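Since this is a predicted model, take the numbers as computed values, not measurements. Within every chain, numbering begins at 1; the chains are lettered A, B, ... in the order of the sequence lines, protein sequences first and strands thereafter.
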2 protein chains.
Amino acid sequence: MTVAKQSVSARPLSKQRLRLWLRLLRAARGIESELRERLRKDFAITMPQFDVMAALARKPDGMNMTELSRMLMVSNGNVTGIIDRLAVEKLVQRQAPATDRRSFIVRLTPKGASQFAVVAKAHENWVDELLAGFDAAEADHLIEMLGGLASSGRGETQS
Amino acid sequence: MTVAKQSVSARPLSKQRLRLWLRLLRAARGIESELRERLRKDFAITMPQFDVMAALARKPDGMNMTELSRMLMVSNGNVTGIIDRLAVEKLVQRQAPATDRRSFIVRLTPKGASQFAVVAKAHENWVDELLAGFDAAEADHLIEMLGGLASSGRGETQS
DNA sequence: CTTAAAAATTTTATATATGAAGTATTTTCC
DNA sequence: GGAAAATACTTCATATATAAAATTTTTAAG
């Protein structure tokens with residue numbers, strides 16, 4: 001019947017963390033939905049498609065489906081559909097590596113690369129606008145605080 | 001042709017904000033996917049369904065579909081499907097208010113309310129665990145920093 | 001009161017998303 | 001070298017999601 005260590009305002013720590021989680025989720029969803037809407041209206045592209053192109057833009061030599069799904073933290077089957085649709089638009093292409101007939105190397109087409117460059121620039125400007133409330137110091141601070149959370153399992157250290 | 005004000009390390013501010021956005025998104029998605037998996041495994045419920053029940057738990061008198069969709073920041077049609085599935089499980093019920101035959105009042109059933117209480121407790125513990133890296137001061141700090149972002153348009157000030 | 005506009009939902013088409021099952025190909029191991 | 005395990009993908013069933021169209025009911029205007 002001993003009361004666990006909880007001094008002063010210690011009791012509601014779990015409530016406070018819950019509030020933090022709700023804030024984090026709300027912030028991310030708000031920004032995400034704004035970005036998604038702009039991508040759709042201005043470039044007729046979805047955010048998952050943009051995310052895939054962004055991942056591929058970092059790897060000129062391409063990646064296979066598994067690497068893509070791990071980097072984007074989405075399921076294997078999900079990537080199949082997104083790549084399928086990007087391939088129809090000739091923005092990405094699948095290439096068979098002679099060594100392993102199970103996998104594909106996916107990469108941006110020239111059309112995909114040049115189109116991505118344009119969209120990425122607009123995207124960066126939008127983010128800059130939506131996060132205008134943060135100066136360099138605050139951004140650094142937040143980035144560091146959020147750093148520990150990201151990888152809840154295997155972590156892709158990208159840059 | 002004058003160069004805009006950008007001293008010292010000012011140039012990459014937009015890049016820094018982009019990094020912040022990627023961190024924020026990655027953190028939110030990581031936690032979200034962990035919570036979603038636990039909700040599914042332990043309680044056979046989806047996160048959108050949990051979110052709807054959480055919203056309804058705050059309003060014993062119920063809400064109509066439009067209020068729900070605004071509070072959850074999701075589309076109108078989306079809520080229809082989630083409520084449909086919760087109704088099949090007898091966790092929520094639609095009630096016709098005599099005054100306006102266009103709308104419904106949705107509320108938790110007794111079964112839904114008691115089940116939600118159990119799930120919500122587990123959910124709070126999970127969040128407490130996943131955000132264990134933040135003490136009270138850091139949580140407060142982060143909550144405040146994120147506060148300005150949330151509402152990118154109309155804002156629901158809930159609590 | 002009747003038509004037009006507004007409001008609340010649902011329906012539809014399309015795109016994600018997940019987990020699980022299925023298929024094809026490589027690797028491992030004896 | 002041949003069966004068993006591991007890999008790499010795709011397919012399937014189900015549940016979100018959104019935007020746009022359609023439906024029903026209320027409200028507003030004249």
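- Judged by closest nucleotide on DNA chain D, A/Met65 is the one of A/Met65 and B/Val79 placed further toward the 5' end.
- Remark: P of D/dC9 and CZ of A/Arg94 are 9 Å apart, rounded to the nearest angstrom.
- By the 4.0 Å N-to-carboxylate-O rule, A/Asp140 lies too far from B/Arg19 to be salt-bridged with it.
- Checked by distance alone, B/Arg102 brings a side-chain donor or acceptor within 3.5 Å of a matching partner on the base of C/dA7.
- In this structure, A/Ile83 atom CD1 and C/dA15 atom C1' are separated by 14 Å, rounded to whole Å.
- Nucleic acid contact for B/Arg29: none, since no nucleic acid atom lies under 4.0 Å from a heavy atom of the residue.
- Nearer the 5' end of DNA chain D, as judged by each residue's closest nucleotide, is the contact made by A/Asn78, out of A/Glu37 and A/Asn78.
- A straight line from CG of B/Asn76 to C1' of D/dT23 spans 14 Å, rounded to a whole angstrom.
- Between B/Arg29 and A/Leu72 the shortest side-chain heavy-atom distance does not fall below 4.5 Å.
- A/Thr66 comes within 4.0 angstrom of sugar-phosphate atoms only, judged by non-hydrogen atoms across all strands, and of no base.
- Nucleic acid contact class of B/Thr46 (heavy atoms, under 4.0 Å, all strands): sugar-phosphate only.
- A salt bridge does not link A/Arg17 to B/Glu129: none of the charged nitrogens lies less than 4.0 Å from a carboxylate oxygen.
- Rounded to an integer number of Å, the gap from B/Phe104 CZ to C/dA7 P is 19 Å.
- The nearest heavy atom of DNA chain C to A/Glu32 and to A/Ala98 marks one nucleotide each, and the one closer to the 5' end goes with A/Glu32.
- A/Ser103 comes within contact range of the sugar-phosphate backbone alone, with a heavy-atom separation under 4.0 Å but no base atom that close.
- Closest approach to the B/Thr80 side chain among C/dT11, D/dA15, D/dT26 is made by C/dT11 (side chain taken as heavy atoms from C-beta onward).
- When distances are taken from the side chain of B/Asp100 to each of D/dT25, C/dT26, C/dT9, the shortest belongs to D/dT25.
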